[in-house]
Amino acid sequence: MARYDLVIKNGVVVTPVEQYAADVGVNGETIAAVGHGLRGDQEIDASGLLVMPGGVDSHCHVEQLRADGTTDEESFISASTSAFAGGTTTAITFSTQFKGYPIGPALSGYQQRAARSMMDYSFHQIITDPTDTVINQEIPALIAAGIRSLKVFLTYDPLHVDDRGLLRILAAARRHGALVTLHCENYAAIGWMTEALLAAGLTAPKYHAWSRPVALEREATVRAIALAELVDQPIQIFHVSCAEVAEEIARAQARGVKIWAETCPQYLVLTAADMDRPDFEGAKFMCSPAPRDADAATGLWEQIRRGTIDVISSDHSGYRFEGSRGKRSAGSNAPFRDIPNGVPGLGARLMLLFSEGVTAGRISASDFVRLTAFNPARLFGLTNKGRLAPGADADIVLWDVHKQVTLTNGMMQHAIDYTPYEGRVVTGAPVLTMRRGAVVMRDALLQAEPGSGRFIARGPYDLIKPTGRLANGFNPSAYA
Ligand code: URP
Ligand code: ZN
Ligand code: ZN
């Protein structure tokens with residue numbers, strides 16, 4: 001009988017469709033077998049535990065360049081530590097282009113910083129300035145280098161792209177074979193609302209949500225869908241905050257548009273009321289789109305169950321609360337416009353989702369695996385990630401479904417000085433995380449070296465091919 005380098009014995013293996021008692025055999029960095037009675041040179045007893053693929057977090061901001069030339073305090077080392085502590089082994093982070101600047105040198109900087117990663121990683125390239133050079137030279141070059149997803153912001157200074165710019169990016173992605181991901185909120189309307197709110201003296205963190213209500217997310221989502229349909233280019237809508245927006249995506253999916261949707265734990269467990277906490281604490285919950293209300297979260301769970309939402313990522317953002325670059329950097333009375341957006345969640349994502357989803361009976365363990373590992377890997381072309389099957393990378397998390405944990409910032413093991421989930425009790429937590437056959441976290445203790453993570457170059461894959469359905473049969477991407 002074959003003997004493996006390592007066997008995880010006696011656990012319950014969870015796939016995107018079922019769960020069953022089995023052993024997992026690992027040779028080197030790769031899963032070699034899933035079966036019964038496997039024997040290994042080394043054996044780990046997983047009795048009473050779920051054996052799941054390591055989490056794939058397809059939306060993380062790590063050591064990202066800011067407009068002032070500094071980078072997030074969350075480094076690839078601290079982010080990796082947090083990821084492993086939470087059961088995640090792979091992340092897709094972002095490289096940003098700033099308007100007026102080329103992509104190449106900025107991307108090289110990201111690659112240098114990411115070389116210290118311990119988790120495996122890839123990049124989405126943010127496009128803010130679709131000049132002829134960017135469209136005709138830089139986008140093809142970065143796709144050829146394995147960065148097969150682009151992100152477009154329809155809001156935010158200084159990142160937002162107008163409709164014409166978006167069309168150019170969609171067409172370039174179609175020509176060269178990339179997925180376009182989108183932040184959908186209406187730029188002009190948010191700017192106008194913000195000015196009106198500030199003029200009325202409504203400056204506290206909670207007015208962040210008032211400045212960008214659901215209608216502005218819905219409008220931008222519908223517009224992005226329409227433009228993607230015009231070009232026949234597959235897209236993923238990031239951080240869908242509520243059912244009202246998800247319903248627009250479901251309508252597009254029903255008419256055959258290649259569109260996928262992501263939401264994040266903050267839209268399932270936080271609400272706009274959190275931004276109204278006293279003493280500027282509300283700033284800790286500010287992200288965009290803004291968390292909505294309990295009904296929106298209930299509606300989102302329903303859309304998750306219906307399959308409209310494909311991915312649950314963290315949208316982990318590396319802003320601290322204190323310090324010269326933190327949320328309080330403009331003072332405790334800073335108007336909401338001057339408070340950095342985004343919340344950390346890389347370490348908490350899986351525990352929050354397991355507890356609120358699986359333990360609470362809203363979704364199955366297979367749904368959990370599909371939403372947090374299998375689908376993000378499949379949709380972004382991470383072919384060896386997100387599944388426990390022979391040939392896949394041995395990225396594995398052993399999960400204790402009964403373990404009750406009170407989340408604290410210390411447990412997150414990130415470089416950020418708070419978690420918006422402080423004090424929240426969750427049931428279900430990782431006890432061991434393995435990346436490509438190596439145990440990298442056991443009982444919350446890190447066992448990995450900086451630089452041991454690997455960049456994953458993503459090749460072409462069928463899922464993101466256009467449908468071929470074009471208005472009048474004319475393909476504008478061939479000419480634009
Ligand atoms: O508020 C958020 N989401 N910040 C991170 C950047 C983004 O929009 O994804
Ligand atoms: Zn975004
Ligand atoms: Zn983001």
Side-chain angles (χ1 to χ4, degrees), residues 57-67 71-74 79 91-98 110 121-128 149-161 166 169 179-187 190 194 205-209 211-212 216-217 220-221 224 235-242 245 260-272 274-275 282-292 311-321 325-327 336-346 348-349 376 380 414 416 418-420:
D57 195 335
S58 51
H59 185 162
C60 295
H61 302 274
V62 175
E63 243 177 302
Q64 194 168 312
L65 206 53
R66 300 183 187 174
T71 55
D72 292 338
E73 281 128 322
E74 184 76 297
I92 309 185
T93 68
F94 293 84
S95 156
T96 311
Q97 178 207 15
F98 285 103
Y110 282 97
Y121 62 94
S122 194
F123 295 114
H124 304 294
Q125 178 62 50
I126 296 170
I127 308 289
T128 60
S149 45
L150 311 176
K151 175 161 185 189
V152 181
F153 286 92
L154 299 187
T155 192
Y156 281 147
D157 274 319
L159 303 174
H160 90 283
V161 169
L166 172 57
I169 296 166
L179 182 63
V180 175
T181 66
L182 286 126
H183 180 126
C184 294
E185 291 185 289
N186 182 304
Y187 170 72
I190 291 169
T194 299
K206 76 168 185 180
Y207 296 110
H208 171 71
S211 74
R212 48 204 329 132
L216 304 191
E217 184 186 352
T221 305
I235 55 173
Q236 182 174 136
I237 307 293
F238 272 167
H239 40 48
V240 173
S241 75
C242 59
V245 172
W260 296 278
E262 170 211 81
T263 192
C264 315
Q266 48 269 41
Y267 303 111
L268 299 169
V269 306
L270 303 178
T271 68
D274 287 307
M275 283 179 274
K284 292 181 175 174
F285 304 88
M286 281 177 62
C287 56
S288 298
R292 310 296 180 187
V311 171
I312 301 183
S313 70
S314 67
D315 192 2
H316 180 79
S317 296
Y319 289 108
R320 292 166 62 88
F321 186 60
R325 289 183 278 154
K327 286 185 179 259
F336 66 84
R337 185 191 50 198
D338 299 340
I339 304 169
N341 284 199
V343 295
L346 181 50
R349 174 185 73 127
F380 286 107
H414 53 200
I416 300 163
Y418 81 97
T419 168

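Atoms within each ligand, like the ligands themselves, are counted from 1 in listed order. These values consider heavy atoms only, across backbone and side chains, with no hydrogens, waters or symmetry-generated copies.
Between Tyr187 and His160, the ring planes lie parallel to each other; the angle is under 30°, not in the 30° to 60° tilted range.
At distances below 3.5 Å, at least one donor-acceptor pair connects side-chain atoms of Thr181 with backbone N or O atoms of Leu150. Looking at Arg320, its side chain never comes within 3.5 Å of a backbone N or O of Gly318 through a donor-acceptor pair. Looking at His316, its side chain does come within 3.5 Å of a backbone N or O of Gly345 through a donor-acceptor pair.
Atom NE2 is the N/O/S atom of His61 found closest to the Zn ion (ligand 3).
Below the 2.8 Å limit, the Zn ion (ligand 2) has as protein N, O or S neighbours Lys151 NZ, His183 ND1, His239 NE2.
In this structure, Phe238 has its ring center no closer than 6.0 Å to that of His183.
For Leu65 against Thr71, the heavy-atom pair with the smallest separation is CD1-CG2, 3.8 Å. What you find for Ala209 and Met275 is that their closest heavy atoms are CB-CE, 3.8 Å.
For ligand 1, the protein residues placed under 4.0 Å by at least one non-hydrogen atom are His59, His61, Lys151, Phe153, Tyr156, His183, His239, Cys287, Ser288, Asp315, Ser317, Asn341, Gly342.
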Donor-acceptor pairs under 3.5 Å, side chain of residues 260-269 to any protein atom, not counting sequence neighbours: which ones?
from, atom 1, to, atom 2, distance (Å)
Glu262, OE1, His59, ND1, 3.2
Glu262, OE1, His239, N, 2.6
Glu262, OE2, His59, ND1, 3.0
Glu262, OE2, Ser313, OG, 2.7
Thr263, OG1, Val240, O, 2.7
Gln266, NE2, Ser314, O, 3.2
Tyr267, OH, Pro289, O, 2.6

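Distance check: Ser288 OG to Leu216 CG gives 11.5 Å after rounding to the nearest 0.5 Å.
Applying the side-chain hydrogen bond (donor to acceptor under 3.5 Å, both in side chains) criterion to His124, with sequence neighbours excluded, gives Ser149.
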